[in-house]
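Sequential numbering from 1 along the given sequence is applied to the chain's residues.
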Amino acid sequence: MNVYWLVAMIIGNFILQSTIFQYFRIGGILPNTALLIVVTISILYGRKRGVMTGIIAGLLQDLFFGKAIGINILIYSSIGYIIGGVENKVFKDNLVTPFLFILSTTIYYHSIYFVFMHFLRQPVNYLTVLKSVVMIEVVYNLVVGIVFYRIFYRKVY
């Protein structure tokens, strides 16, 4: 995948997520499409592209929406690094692969984000967030992510 195409896709996703996708909230929750892109790129292209995607997507989110610069960069790039590392060991054409990665990374994202917010002394009740946000977002990410992965997989292969 061309680096320019990747950057354009991430910036396009950022613009869409902060404008048009706001109208597709379910229970006030949006799917984390940046996370879905990082997972998809990491599965299909490996560690290097996954980390690069995570850094760019995280930087955009931190600059415009973050409470501190670097939290989303660290989370997304670690997701790209971990998933990209097992890229050669998973079946890319099986839908169980993105399903498990999207499920686990959505929970991972919110858990690590909570830890950072705790150390930054931001008041967050994790159990409330887990019940009201994370569970809905997991389902939403799974539905959108599987469709996105399938479309992207067909374009690549």
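The CD1 atom of Ile75 sits 7.0 Å away from atom OH of Tyr108, with the distance rounded to the nearest 0.5 Å. From Ile79, atom CD1 reaches atom CG of Leu74 across 10.0 Å, with rounding to the nearest 0.5 Å. The CG atom of Asn141 sits 12.0 Å away from the CD1 atom of Ile136 when rounded to the nearest 0.5 Å. Of the inter-residue distances, the one linking Tyr109 atom OH with Leu35 atom CG reads 8.5 Å to the nearest 0.5 angstrom. Atom CD1 of residue Ile107 and atom CD of residue Glu137 lie 10.5 Å apart, to the nearest 0.5 angstrom. The OG1 atom of Thr105 lies 10.0 Å from the CD1 atom of Ile82; values are rounded to the nearest 0.5 Å.
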Note to self: Would Arg49 and Val3 count as a side chain to side chain contact (heavy atoms under 4.5 Å, CB included) here? Give the steps.
What the structure shows: CA-CA 9 Å; Arg49 297 278 185 201; Val3 174; 3.0 Å; yes
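When hydrophobic clusters are built by joining Ile, Leu, Val, Met, Phe, Trp and Tyr residues whose side-chain heavy atoms come closer than 4.5 Å, directly or via intermediates, Val147 is not grouped with Tyr23. Under the 4.5 Å side-chain heavy-atom criterion for grouping Ile, Leu, Val, Met, Phe, Trp and Tyr, Leu142 is connected to Val96 within one hydrophobic cluster. In the hydrophobic clustering of ILVMFWY residues, with side-chain heavy atoms under 4.5 Å counting as a link, Phe91 and Ile146 come out apart. The cluster map of Ile, Leu, Val, Met, Phe, Trp and Tyr, joined by side-chain heavy atoms under 4.5 Å apart, puts Ile20 and Phe64 in the same cluster. Following chains of ILVMFWY side-chain contacts shorter than 4.5 Å, one can reach Val90 starting from Leu100, so the two form part of one hydrophobic cluster.
With hydrogens and angles disregarded, a donor-acceptor distance shorter than 3.5 Å links the side chain of Asp62 to the backbone of Ile71.
Taking the side chain as every heavy atom from C-beta outward, Phe99 and Asn94 never approach each other to under 4.5 Å. Annotation: side chain of Tyr140 is not in contact with side chain of Leu30 (no heavy-atom distance under 4.5 Å).
Between Ile73 and Gly58, the closest heavy-atom pair is CG1-C, 3.5 Å. Across Met135 and Lys131, no two heavy atoms sit closer than the pair CB-O, 4.2 Å.
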Less than 3.5 Å apart, which donor and acceptor atoms pair up between the side chains of residues 148-157 and the rest of the protein, not counting sequence neighbours?
unit_1 : atom_1 : unit_2 : atom_2 : d
Tyr149 : OH     : Lys92  : O      : 2.5

Enumerate donor-acceptor pairs with a distance under 3.5 Å from any side-chain N or O in residues 5-17 to protein atoms, sequence neighbours excluded.
unit_1 : atom_1 : unit_2 : atom_2 : d
Asn13  : OD1    : Thr33  : OG1    : 2.6
Asn13  : ND2    : Thr33  : OG1    : 3.4
Gln17  : OE1    : Thr33  : OG1    : 2.9
Gln17  : NE2    : Pro31  : O      : 3.2

Could you list the donor-acceptor pairs under 3.5 angstrom formed by side chains in residues 36-47, with sequence neighbours left out?
unit_1 : atom_1 : unit_2 : atom_2 : d
Thr40  : OG1    : Leu36  : O      : 2.8
Ser42  : OG     : Val38  : O      : 2.7
Arg47  : NE     : Tyr81  : O      : 3.1

Side-chain donor/acceptor pairs under 3.5 Å, residues 115-126, sequence neighbours excluded:
unit_1 : atom_1 : unit_2 : atom_2 : d
Asn125 : OD1    : Leu127 : N      : 3.4
Asn125 : ND2    : Thr128 : OG1    : 3.0
Tyr126 : OH     : Ser111 : OG     : 2.9

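Every pair tested for salt bridge (charged side-chain N to carboxylate O under 4.0 Å, His left out) that includes a residue from residues 1-26 fails, sequence neighbours excluded, so the list is empty.
Checked against side chain to side chain donor-acceptor pair (under 3.5 Å), Asn32 has the following partners two or more places apart in sequence or in another chain: Tyr76.
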